[in-house]
Amino acid sequence: DHDSIVGVAPACAQILARTARQPRATLAEHASSARVEGRTWAIAEIEPADSQAPAAGLNDLVSVSSAPTRAFAVLTNAGVSILEKQRPVDMLRALLARPALQDAQLKEFIAAYGLDETCAMCFTILCADDYALHAMSMQVLNAARRILFEYGGVPRIAEAAPAASGFAISGGGGGGVGDLAAAHRPVVLLSGRHNGLAMYLARTLQSVWAKPATVSKPDHRVSVLRMHVGIPTSDLFDVQERLRRLQHFISNNQRFVPDQLNQMPLQQQPADNSRPSADVVATCWQTEASSLGSLYDLMVRTIEVISFLCLLADFNLPVIGESISEDQRKLLSGIPFSQLVASETGRVACKELILALINSQLKQHVSIDSVSDVLSKRCSSIFSASDVALYKALEYLKLAAEAEEGAEVATLASEALALLTGIAATLSAKQVHDISDQFEALGQYAAVATLSLACASESDPNNEALAFWNDGAPENDPREAIYRKRMDCYKCVIELLDKRRASILNAKSLSQLPNNDALFQFALYDWLLANDQSALLFQIRAPYIEKYLALEPRTLEKCDMLWHFYIHENQFGKASVVQRELACSSREDFDIDLARRIEYLSLSISNGKIAIDMVRGGQTRRMAREVSEEEEEINELATLLRENEDQLEIAQVQLEIQQQLRALGGHETAARALDRRLFTVSELYDRFAEPLRLWDAMLLILKASNHDDAQMVEEIWFTILRTVLDDSQRTGLMAVASKVSQLGSRLYPSAAAFPLPLIAGILVELSQERPDEYQPGYIGDTLVHANVPHWAVFEALNMLYVKTATASSSASSSSQDSVRVAEFLVREISALTTAWMDSAQCDNSS
């Protein structure tokens, strides 16, 4: 007698394929029968002896275990028969073990389960544990490897996507893992070999991925919470062993991850363009290689994180956690295993736990070398050589703090500094700040500067931060992060100078700071200027001071320092240029008033003259070629000097206008406008002098511009002198003489602004109107007091006399007036001649 046992199970591969095409697809099943001897009395499932064995589930595809997931005992009158459920991987293993395996059979299996799932099963076979590997023949292992490399497929562009630039990754299996939002972009479908690896890796990690890596459990003996590893070490070891076998397989099959720069041989594109271009194929392989590399990195990182958690368990994590602050313990407790592996938060958590482990061992007087050796061997990516150096340096600093002799402190601090400068590029700004505080507490101020500047330099080998600063610090620039880190490093030095002003803020200490970092020098100069320590810049002979003061953003203080620096360095020509720029500047933030602008112009003229004298004084000691160059320099300085003198004259007119406006009252807005910049003579005349009838200023403008307009100047002079004469509060002709003397001393010998014949004629006319106030010699004395020489006055009066005499002889109707004017001029010339002779005698006697 016999019975037939029927086994039924969901056809997982078919269900998944149908669901991918139609979410409401019908289910499918596999069924098979087995013949057993005798009549069946009972059937029971055999519980696995290993309590940690994976739980049975409906989807056999997700299993990565070497042992069958389920087994059943069938009790018959003939005995007990054991039936094992065959998973897809078991069926593949049996297929590969056949002596005469046909390619058609492999293709049929791949068609049934899909290429991705078949490759995932191959990884399950190749990465089985040692017991399962011994039970399998080499034929099975070689066949599984053959499937991966011969049937594993190649990355390609999705058929529905147009061949255009730009690629979006897809992992196959009905769903993409990249940016599929842009439908117009080509989608790279990765190979079944890649997707099988991703599936196997995900299924291996599934048992621990979402679990908390660390948990807090109450310790009832002391009523406190203590930190423990949250995942059983047996589960961790099981996952780690699978990953190590996978790593071993990939390492022994280097062509599994193609080189992104040296791709597999590419076939030439046919003439009919039926195949993708070489560039498209290369891009596909590059995309796959990049993704495979990321998966490999994830695998290695996971292996080391597991080693680290097991190490914490070995070193008694509950005790280690006692050295962690309460707040930090709350952050670390409950952190998921996935974050510990794949997030920045997890990396920081690992660093904190390592530090706690080392501190715990140091308290037990265990050398850090022994701890670091274990960490380096078991989890090198978490605890690198730079970490070893860091913790050794921290140990030296701790010993230095406990040392009593100064020499021992200096030695330990020096050893710590040597280690830290060697890993400066790996230190964060916070670490530099904390370590600098320790050096400062030990009195090792030079070490603070050395470490901070080394970290700033090593973290920016291409000097991108300086370029970012020179470009004006544009927004949303990737270089800004580097710039911020360097500035944070510099802050350690500057804060030290600020705290220790009394002892180290002096020229000697500043001169000892490294001066090969321009960005640090600029930050230091900024701080010195902000703290009224600008005098130190000249005392320390700062190497970048000229460049710093000339760069934007320029301030009035920096510009003043720049020309002072040039004078300090005997570069008077450059000082003259800067002073002229300040005088002519129209920047409102400089807030330079007109009087100061005139001062800058005067200084610029003085320094320009000194520069010319210095260049000329050195010509006799130089070669002919150098003399020629210096002649060119002299010509440039002379041109600048002339421009400055002309500009100064106009600026003085501008000042005159400003003073007149303020004297008049009600024109403060216009007066303040004259402070903002230097105006041209045309602007001064059109905007201020002419509309406001500032007659004196109009004459000064005519002199500065040398504008010859006889009718205009006559009108101006007549208006000025007539106004003075008609003013009842003034003293008539005496006031007129005073006004002429005042203006003449500023305008003579300008023929455009102070025409002697014209002014003499007006004085003759006004004198005749006031005969009771007139005294002989009045006109000559008035002009002589205006700094006009006697001979010039004589020529002017004689010209008037000749003109008057000629007019009297030709016009009989006015002969009487002309004769009277001629007689008046004779008396003036006579009085002038007498005064001239008296003046000459006085000059001879003196």
Side-chain angles (χ1 to χ4, degrees), residues 52 207-208 211-241 243-244 300-343 345-399 402 419 423 426 431:
Q52 299 299 329
S207 62
V208 297
K211 291 183 179 180
T214 58
V215 294
S216 293
K217 297 180 180 179
D219 187 339
H220 300 294
R221 293 174 300 174
V222 290
S223 300
V224 295
L225 292 175
R226 295 191 182 277
M227 191 180 297
H228 296 263
V229 176
I231 305 172
T233 53
S234 58
D235 289 358
L236 293 174
F237 278 130
D238 181 62
V239 171
Q240 187 182 50
E241 285 304 311
L243 295 179
R244 280 180 171 163
V300 173
R301 172 76 181 179
T302 305
I303 291 172
E304 296 196 356
V305 168
I306 292 175
S307 295
F308 179 58
L309 289 175
C310 295
L311 185 66
L312 290 176
D314 293 341
F315 278 94
N316 197 350
L317 180 56
V319 176
I320 295 172
E322 294 177 359
S323 62
I324 303 175
S325 66
E326 185 65 27
D327 293 339
Q328 197 67 30
R329 193 181 301 119
K330 289 180 181 179
L331 293 175
L332 295 175
S333 181
I335 184 171
F337 180 83
S338 58
Q339 285 193 19
L340 211 61
V341 172
S343 73
T345 303
R347 294 179 184 275
V348 173
C350 288
K351 295 289 185 183
E352 294 293 338
L353 290 169
I354 288 173
L355 184 58
L357 170 61
I358 291 175
N359 289 336
S360 173
Q361 296 303 300
L362 290 177
K363 288 180 181 179
Q364 301 177 32
H365 305 289
V366 177
S367 172
I368 193 173
D369 290 335
S370 59
V371 180
S372 62
D373 288 343
V374 174
L375 288 168
S376 298
K377 290 177 181 177
R378 297 177 63 173
C379 40
S380 58
S381 68
I382 299 176
F383 190 79
S384 61
S386 60
D387 294 319
V388 175
L390 173 62
Y391 293 121
K392 282 185 177 180
L394 294 177
E395 183 178 15
Y396 285 142
L397 291 176
K398 183 178 180 182
L399 293 174
E402 298 171 353
L419 290 170
I423 59 168
T426 66
Q431 287 175 317

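Basis for what follows: all heavy atoms, side chains included, without hydrogens, waters or symmetry-related copies. Not measured: the values here are computed from a predicted model.
- Note that the CG atom of L311 and the SG atom of C379 stand 6.0 Å from one another [nearest 0.5 Å].
- Residues forming a side chain to side chain donor-acceptor pair (under 3.5 Å) with S386 (at least two apart in sequence, or on another chain): S384.
- Residue V239 comes nearest to S207 through the heavy atom pair CG2-OG, 3.6 Å, listed as atom of the first residue, atom of the second, then distance.
- Going from atom CD1 of I231 over to atom CG of L236 covers 5.0 Å, rounded to the nearest 0.5 Å.
- Rounding to the nearest 0.5 angstrom, the gap separating the CG atom in L394 from the CG atom in L399 is 11.0 Å.
- Considering every non-hydrogen atom in both P318 and R226, the closest pair reads O-NH1, 3.7 Å.
- Taken from CG in N316 to NE2 in H228, the straight-line distance is 8.5 Å, to the nearest 0.5 Å.
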Considering only distance and modelled atom types, tabulate donor-acceptor pairs under 3.5 Å from the side chains of residues 345-354, sequence neighbours left out.
unit_1 : atom_1 : unit_2 : atom_2 : d
K351   : NZ     : I382   : O      : 3.4
K351   : NZ     : D387   : OD1    : 2.8
K351   : NZ     : D387   : OD2    : 2.8

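- Residues that satisfy the side chain to side chain donor-acceptor pair (under 3.5 Å) test with Q240, not counting sequence neighbours, are S307.
- For the atom pair CZ (F337) and OG1 (T302), the distance works out to 5.5 Å, reported to the nearest 0.5 Å.
- Listed by chain and number, the residues in a side chain to side chain donor-acceptor pair (under 3.5 Å) with S216 are S333 (sequence neighbours excluded).
- Looking at residues two or more places apart in sequence or on another chain, you find a side-chain contact (heavy atoms from CB on, under 4.5 Å) between P212 and V215.
- Salt bridge present: E241 and R244 bring a charged side-chain N and a carboxylate O closer than 4.0 Å.
- Taking the side chain to side chain donor-acceptor pair (under 3.5 Å) definition, one finds that T426 meets it with nothing, sequence neighbours left out.
- Every residue meeting the side-chain contact (heavy atoms from CB on, under 4.5 Å) condition with D314, not counting sequence neighbours, appears here in chain and number order: R378.
- By the side-chain contact (heavy atoms from CB on, under 4.5 Å) test, Q431 is found to be paired with L390, L427, S428, residues two or more places apart in sequence or in another chain being considered.
- Summarising the geometry of A313 relative to T233, their closest heavy-atom pair is CB-CG2, 4.3 Å, with the distance given to 0.1 Å.
- Taking T214 as the reference, M227, L317, I335 meet the side-chain contact (heavy atoms from CB on, under 4.5 Å) condition, with sequence neighbours excluded.
- The salt bridge (Lys or Arg N to Asp or Glu O under 4.0 Å) check on K211 picks up D235, with sequence neighbours excluded.
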